[in-house]
Every structure is written in structure tokens, then in C-alpha cells.
Amino acid sequence: MSTLHTVNKSPFEKTSLAACLEHVSAGAAVLLLEDGVYAALTRTSVEGQVKSALDNVKVYALGPDLQARGLLEERVIPGISVVDYAGFVDLAAEHDKVQAWL
Amino acid sequence: MSTLHTVNKSPFEKTSLAACLEHVSAGAAVLLLEDGVYAALTRTSVEGQVKSALDNVKVYALGPDLQARGLLEERVIPGISVVDYAGFVDLAAEHDKVQAWL
Amino acid sequence: MSETIKNFLYLNRKAPYGTIYAWESLEVVLIGAAFDQDVSLAFVDDGVFQLTKNQHTSAVGMKNFSPTYAALGDYEVKKVFVEKESLEERGLSLDDLQHLTWEDEDEDWAEKDSIHLVTRAEMAAIMDGADVVFSF
Amino acid sequence: MSETIKNFLYLNRKAPYGTIYAWESLEVVLIGAAFDQDVSLAFVDDGVFQLTKNQHTSAVGMKNFSPTYAALGDYEVKKVFVEKESLEERGLSLDDLQHLTWEDEDEDWAEKDSIHLVTRAEMAAIMDGADVVFSF
Amino acid sequence: MKFAIQVNEGPYQHQAADSAYFFAKAALEKGHEIFRIFFYHDGVNNATRLTTPPQDDRNVVERWAELGGHYDLDMVVCVAAAQRRGVVDEGEAQRNGKDATNIHPRFRISGLGQLVEAAIQSDRLVVFGD
Amino acid sequence: MKFAIQVNEGPYQHQAADSAYFFAKAALEKGHEIFRIFFYHDGVNNATRLTTPPQDDRNVVERWAELGGHYDLDMVVCVAAAQRRGVVDEGEAQRNGKDATNIHPRFRISGLGQLVEAAIQSDRLVVFGD
């Protein structure tokens with residue numbers, strides 16, 4: 001099945017992104033939201049981890065959360081798509097289920 | 001000054017223990033409590049990190065929290081002292097201040 | 001039930017007592033057992049700590065809910081998946097966990113193990129196969 | 001005040017908006033400024049994200065409290081320590097943060113920088129020297 | 001498509017309640033159905049009518065109530081979680097000998113079975129938490 | 001020695017409120033003084049009198065109240081945090097047009113200055129949180 005995984009915690013504070021990426025199946029998607037969007041930035045200590053994930057899964061970041069945190073889209077890792085809440089709903093509908101990594 | 005640092009989160013879930021250990025000064029003490037007591041166990045992936053810390057600082061673990069989680073004292077890394085709430089109070093009184101790593 | 005049976009996965013990734021998620025998750029499992037779905041429990045990351053033996057909570061003044069896991073078999077919850085890598089990273093083995101069983105009606109009530117030790121790759125496949133994931 | 005002045009350290013280690021700690025911590029700093037203590041703010045780990053420029057919160061429906069940091073100088077809060085290693089791990093530099101200043105009464109109200117970039121070792125020494133640490 | 005939404009955290013402390021709200025609103029505006037919003041754990045604190053947030057901040061409780069009123073949403077507060085945390089309606093107040101209630105009238109208190117039922121009846125369960 | 005205690009989380013969801021209680025109790029039993037216990041963030045939810053936890057679990061609110069009564073503790077709930085989260089006394093109810101209160105009478109609502117003062121007046125500030 002195709003799953004939308006959601007990660008809402010900073011990869012510098014919690015291990016939930018790492019745990020998620022170790023359990024995603026090919027064809028899955030990962031949506032970064034809330035403090036999870038920090039993982040979408042370039043030049044961070046987790047950039048390599050996120051870039052590797054892009055080989056297997058699609059990665060999305062929630063635009064409103066990027067904007068709130070002062071993160072410009074030009075700082076987002078190429079290959080990560082920015083979506084709004086309507087896009088989040090679309091992703092939830094397009095995939096067979098949503099799995100939250102709290 | 002001598003500081004009692006408190007860490008209440010699992011080292012497998014959050015980075016607060018690592019952050020604490022990177023900022024302790026010589027002569028400080030670290031008290032592991034709540035889910036922080038998991039860092040006191042032997043044979044874990046963070047055992048080396050905790051053992052290294054023992055060269056610089058004293059490390060304590062709260063006994064009531066170990067017991068609640070089914071962790072026997074024989075599984076605690078040698079050099080870590082187990083204290084109860086009264087011992088926690090003594091540590092807070094003996095050091096010049098308490099710094100929580102939340 | 002006339003409806004399609006769904007494959008429910010309860011995803012347990014948090015340690016007990018430090019937060020209430022483990023306990024309130026178990027409450028959902030017990031209530032949910034009455035709904036005749038296909039139920040699996042996954043213990044991953046710090047979730048494996050929920051199943052440790054010898055939990056004694058009197059000194060922290062909290063309710064010890066760990067005996068409730070042993071009752072899962074009576075609720076027809078038989079599929080309890082524990083991730084091997086998560087155990088190993090935490091210095092644990094199956095011997096440190098409770099022994100959970102269920103009785104197989106079809107084999108003269110033979111007692112069978114509920115806990116299945118699975119690799120991370122197998123756990124990923126279990127997650128992939130679920131219809132609904134409850135996260136706490 | 002007749003009492004001894006204490007060295008207060010406000011320890012900010014959490015990102016803004018995902019949780020309220022950053023904002024409610026700032027509320028303590030503003031109230032605390034009236035008490036004439038020796039105040040320092042430390043931004044460590046994800047706390048450095050609190051100071052980023054260009055925060056626009058309308059799409060998440062939350063109050064944008066980031067302009068309040070610029071008011072700290074008016075409250076005589078002049079010592080804002082930002083950890084270099086924390087910035088680097090997050091791909092940030094000082095240019096990504098707000099420029100915070102205070103006016104020095106003794107030098108004809110000259111505008112001076114409030115933010116001091118310090119190494120992790122220097123931050124450890126700042127923590128060590130505090131009388132009271134407020135953690136959020 | 002039919003969504004069920006679970007909210008695990010209270011208002012203000014964590015963004016989870018905000019994200020859940022904007023997800024629900026966006027889903028409804030796209031014409032999707034929301035079978036139920038279930039408030040669990042500290043999420044039950046989304047249902048108190050006694051909040052008075054600062055005037056320049058959002059009112060999380062009223063925002064839920066307005067969305068719920070506009071789309072006639074079923075917004076359920078878990079009774080066990082609510083008892084632990086002091087979210088009370090008339091019936092609970094009488095049963096437990098409490099002298100006041102604090103629930104907002106747009107929410108209702110019910111059992112955990114309502115969450116399980118929502119997961120069965122909906123096409124997607126989306127969980128927001130810490 | 002004089003302690004001040006800050007509690008950042010509500011009851012049940014996190015162990016912080018439990019740890020703070022046992023620390024306070026142990027300190028008092030050793031003859032130390034507690035200048036003030038300050039409830040901030042979701043910690044304000046420790047002060048609701050409307051909770052009814054399961055009979056086989058601890059009652060976090062009543063436990064605070066009993067300790068406070070026995071040692072005549074000053075237990076202060078931050079007004080700004082309480083307004084956001086719906087913890088209300090008579091005065092707050094009147095000011096904000098609320099039709100009920102939920103605060104336990106052993107607690108009082110006051111400003112953040114009480115936390116700062118506690119840090120100044122005490123020998124140690126001990127913070128419990130998430």
C-alpha cells in the first residue's frame with residue numbers, strides 16, 4: 001500500500017524522522033510539518049540523510065510551517081515539494097493511509 | 001559553580017542528554033530521572049557516551065523511575081549512583097544551582 | 001459484522017510512565033478489541049520498554065498498567081510485533097520482556113506466544129500492510 | 001533594590017511555534033526585566049531558530065511574536081548569547097538571524113549589538129556562571 | 001472522501017491542535033466529509049469554554065466551535081481522558097459530584113469506541129499529536 | 001534551604017507534575033522550606049478541581065492540595081497561561097465573562113512576576129517539564 005508518513009518534530013531534537021525513514025517502503029511519501037520542516041533545509045547536519053531518502057520516497061514540506069519559521073523556499077532541498085494545507089489533504093486522499101510519527 | 005543538571009528524556013528519543021553532556025563543566029553532576037533513566041543502562045547504543053561522561057562528572061539515576069520501568073540496579077552502568085527523591089533533594093541542595101534540560 | 005474487516009495497527013513508540021501515551025494507547029486497544037477488526041500491535045523504538053518485566057510503580061505513585069498486556073490474549077489480541085533492532089539498541093532481549101500468550105481455540109486451547117520478534121525490514125512491511133495506523 | 005543581584009540565565013533550546021515554550025519564555029523575560037537582575041539569554045540547539053528573520057505566521061494562524069525580540073534592548077536585556085555550533089548544525093549563520101541592538105546610555109546612546117556569537121565551550125562557561133537557570 | 005481526525009494535544013502548548021484545525025478546514029473546503037473529530041489525551045482540553053486567549057492571538061476553542069457549527073461536525077471528547085483532566089459536562093458533573101462544568105456546547109463527551117468506530121467508518125484516519 | 005519549584009506540564013500527560021510533587025514532598029519532609037510552587041504553561045492544569053481520575057490511579061490535583069494544606073504552601077498559577085488554557089477563579093470569571101470557575105481553592109492565580117520573585121527569594125529554582 002502507499003502510505004503518507006507525517007513527521008512533525010525537529011530532526012535535531014527528536015529521533016522521529018530517522019525512525020520514519022528507516023521504516024518507509026518504496027513508493028511512500030513523507031510530509032514534514034510543524035517543527036518537522038527544519039529537516040527540509042539545506043546545509044544542515046541531517047541534509048545527507050534527507051537527500052538519501054529522496055531516492056526512495058517523495059518528500060513534502062508544509063509551506064505555512066516553513067513561512068512561520070522564516071525559512072525561505074530557496075533554502076529547501078531540491079526535490080522536496082512545498083504544499084499548503086489543501087495539498088496536505090490531497091496527499092492524505094491520494095495515499096492509502098496516513099501514518100503519524102509522533 | 002557546581003551545577004546539578006537534570007535530564008528527563010530518553011536518549012533514544014530526544015537529544016537532550018547529548019546536549020547536556022556537551023555543556024557540563026568539570027565538577028558538575030547529572031541526574032537522570034523519568035524517561036532519562038534509560039541512559040543509565042548497560043549494553044545500549046549510548047553506553048559509551050554515558051561512560052565517557054563519567055570521567056568528568058558524577059551521574060545519578062532516580063531509583064523510583066528505574067523501578068517503575070522494570071530496570072534492575074544490576075543493569076545500571078557501574079559508577080552511576082542510584083538515589084531516591086530525598087537524595088535528589090540533597091543533590092539540589094549540595095550544588096549551587098539546578099539546570100533542567102527539557 | 002457485515003462490513004469489511006480492516007487491518008488495524010497500533011503503533012507504540014514511546015516509553016511508559018514518562019508520558020501517558022503508552023497507557024492510553026492500551027485503553028484504545030482494549031476497547032477496540034470489541035469491534036472485531038484484524039488487530040496488530042507494533043512496539044518500535046522506545047515502545048519496546050512498555051513490555052519490560054518487573055515494573056514496580058509504587059515509589060512513583062503511578063498505576064502499574066503493565067499486567068494489562070498479559071490480558072491482551074483474552075481480548076483476542078494475538079499479534080504483537082516487537083522490533084529486534086529497537087531491542088538491541090536499548091540493550092534488551094526478549095528475555096527482558098513479559099511472556100505474552102493466547103489460547104488457540106482451534107487447537108484445544110493450546111497456549112501460544114503472542115510476541116513475534118521481527119526485523120526492522122519486516123516491521124516496515126507490517127506497517128505497509130496496515131489499513132489504519134493508530135499513533136500515540 | 002537592597003538585595004544581592006542574581007545572574008539569571010534564560011535557557012532557550014526549543015524551536016518556535018511547534019510548541020509554546022519559546023513564546024511563554026519570552027513573556028517571563030519581559031516581566032523579569034522589571035526586577036533589576038543581571039539577565040542573560042542563551043539560544044542553544046533548536047532555540048537558535050527562535051531568532052530567524054522573516055517569520056510570517058498568517059498561514060498557520062498564530063501570533064508572530066518574533067518582533068518582540070527586537071524590543072529586548074528597550075527592556076535593558078543586552079546579553080543574548082547564540083551558540084555557534086548550534087547554528088552551524090542547522091545550516092544557519094548570524095545573517096539568518098534578526099539584528100538585535102541596545103542603546104548605551106553611557107556612550108551617548110550609541111547602538112550596540114546584543115547578540116554575541118559564542119562557542120559551545122564558551123556557552124558551557126556562561127551556564128556555569130549563572131546563579132539561576134530558567135528552562136522552558 | 002471521508003476523514004476521521006484524532007487530536008492528542010491541548011491548545012496552545014503544541015501546534016498539533018492548530019494543524020488538525022487547518023487540515024480539517026481544508027478538507028471540508030475541498031468538499032470532503034469529516035466523519036468525526038476525536039479529542040484524546042490532552043486533546044480534550046480543546047473543548048473547554050473557559051479559555052480567554054490574548055486578543056491578538058487565535059482562539060483555538062472558538063475556532064473549532066465555529067467550524068463545527070458551520071459544517072455540523074461531530075466533535076467528540078474521550079470521557080476517560082476528560083475525567084483525568086477535568087473536562088466536564090452536565091452528566092459528568094452529576095455523576096462525579098462536581099459543582100461546575102467547563103465543556104463548550106459544540107463538543108460532546110463519549111467513549112473510546114467512538115474513535116475505533118471512526119477509524120472503521122472513515123476512509124482515512126489522520127492523527128495529530130506531539 | 002529555600003526552594004522554588006516550577007511545573008511546566010499538566011497532570012497525567014507527562015510525569016513532570018508527579019516528579020515535582022515527590023521532590024517537593026521529600027524537601028519538606030527533610031525540613032527544607034518551599035517558597036513557592038509556580039505552575040506555568042500546561043502546568044496550570046494541575047489546579048483544576050474538576051478532575052475525576054480512575055479510582056486505582058493517583059489524584060494529582062488533590063495530592064497537591066493536601067500537601068499544600070499540610071505545609072501551607074504558596075501554589076501559584078500563572079494568569080496568562082491560565083487564561084489561554086481555561087483555568088479560572090471567581091475574579092477571572094467576572095473579568096472575562098465566564099459562567100463557571102474550575103480552580104481548586106488551594107491554588108491562587110497571579111502574574112509571572114511571582115515566578116521571578118520566587119527565583120530571587122529562593123536558594124534554588126528547580127524546574128520540571130517536558
Side-chain angles (χ1 to χ4, degrees), chain C residues 10-34 41 43-75 77 86 90 92 96 98 100 133-136, chain F residues 5-30 34 37 39-48 50-71 73 75 85 104 106 126-130:
Chain C
Y10 292 91
L11 177 55
N12 298 288
R13 295 184 51 250
K14 292 180 180 167
Y17 305 114
T19 53
I20 202 172
Y21 305 104
W23 174 218
E24 290 191 331
S25 163
L26 192 51
E27 291 186 336
V28 182
V29 174
L30 297 178
I31 298 283
L41 271 59
F43 292 88
V44 184
D45 300 329
D46 278 357
V48 300
F49 285 129
Q50 296 180 24
L51 297 174
T52 55
K53 289 176 188 165
N54 300 315
Q55 298 181 13
H56 299 292
T57 58
S58 60
V60 294
M62 300 169 86
K63 177 184 159 82
N64 178 359
F65 62 91
S66 67
T68 311
Y69 292 105
L72 286 173
D74 301 336
Y75 287 79
V77 176
S86 294
R90 287 158 186 79
L92 300 179
D96 295 304
Q98 295 188 58
L100 305 184
V133 177
F134 291 89
S135 299
F136 297 96
Chain F
I5 293 174
Q6 179 184 333
V7 182
N8 289 347
E9 300 295 331
Y12 304 106
Q13 188 97 340
H14 298 90
Q15 202 186 344
D18 297 279
S19 300
Y21 169 80
F22 284 109
F23 181 89
K25 185 163 174 280
L28 293 163
E29 287 170 353
K30 279 181 160 282
I34 293 185
I37 304 178
F39 296 90
Y40 196 35
H41 307 293
D42 268 5
V44 300
N45 292 321
N46 281 277
T48 172
L50 300 184
T51 52
T52 309
Q55 295 200 335
D56 58 353
D57 201 355
R58 78 273 191 211
N59 188 322
V60 173
V61 178
E62 279 303 326
R63 207 169 57 177
W64 280 124
E66 282 166 26
L67 193 74
H70 191 258
Y71 290 97
L73 298 179
M75 301 197 294
R85 292 161 182 90
H104 189 289
R106 270 300 307 164
V126 188
V127 184
F128 294 88
D130 180 33

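Chain identifiers are assigned alphabetically (A, B, ...) following the order of the sequence lines, protein sequences preceding nucleic acid strands; residue numbering begins at 1 within each chain.
Interatomic distance, CG of C:Leu72 versus CG of C:Leu100, reported as 6.5 Å (0.5 Å rounding).
For the pair C:Phe43 and C:Val48, the tightest heavy-atom approach, listed with the atom from each and the gap, is O-CG1, 3.6 Å. Summarising the geometry of F:Gly10 relative to F:Ala17, their closest heavy-atom pair is O-CB, 4.0 Å, with the distance given to 0.1 Å. Shown here for C:Pro16 and C:Ala22, the closest heavy-atom pair between the two residues is CA-CB, 4.0 Å.
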For chain F and chain C, what donor-acceptor pairs lie under 3.5 Å, backbone included?
from, atom 1, to, atom 2, distance (Å)
F:Gln13, O, C:Ile20, N, 2.9
F:Gln13, NE2, C:Tyr21, OH, 3.1
F:Gln15, N, C:Gly18, O, 2.9
F:Asp56, OD2, C:Lys63, NZ, 2.4

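Between the side chain of F:Arg106 and the main chain of F:Leu67, no donor-acceptor pair closer than 3.5 Å is present.
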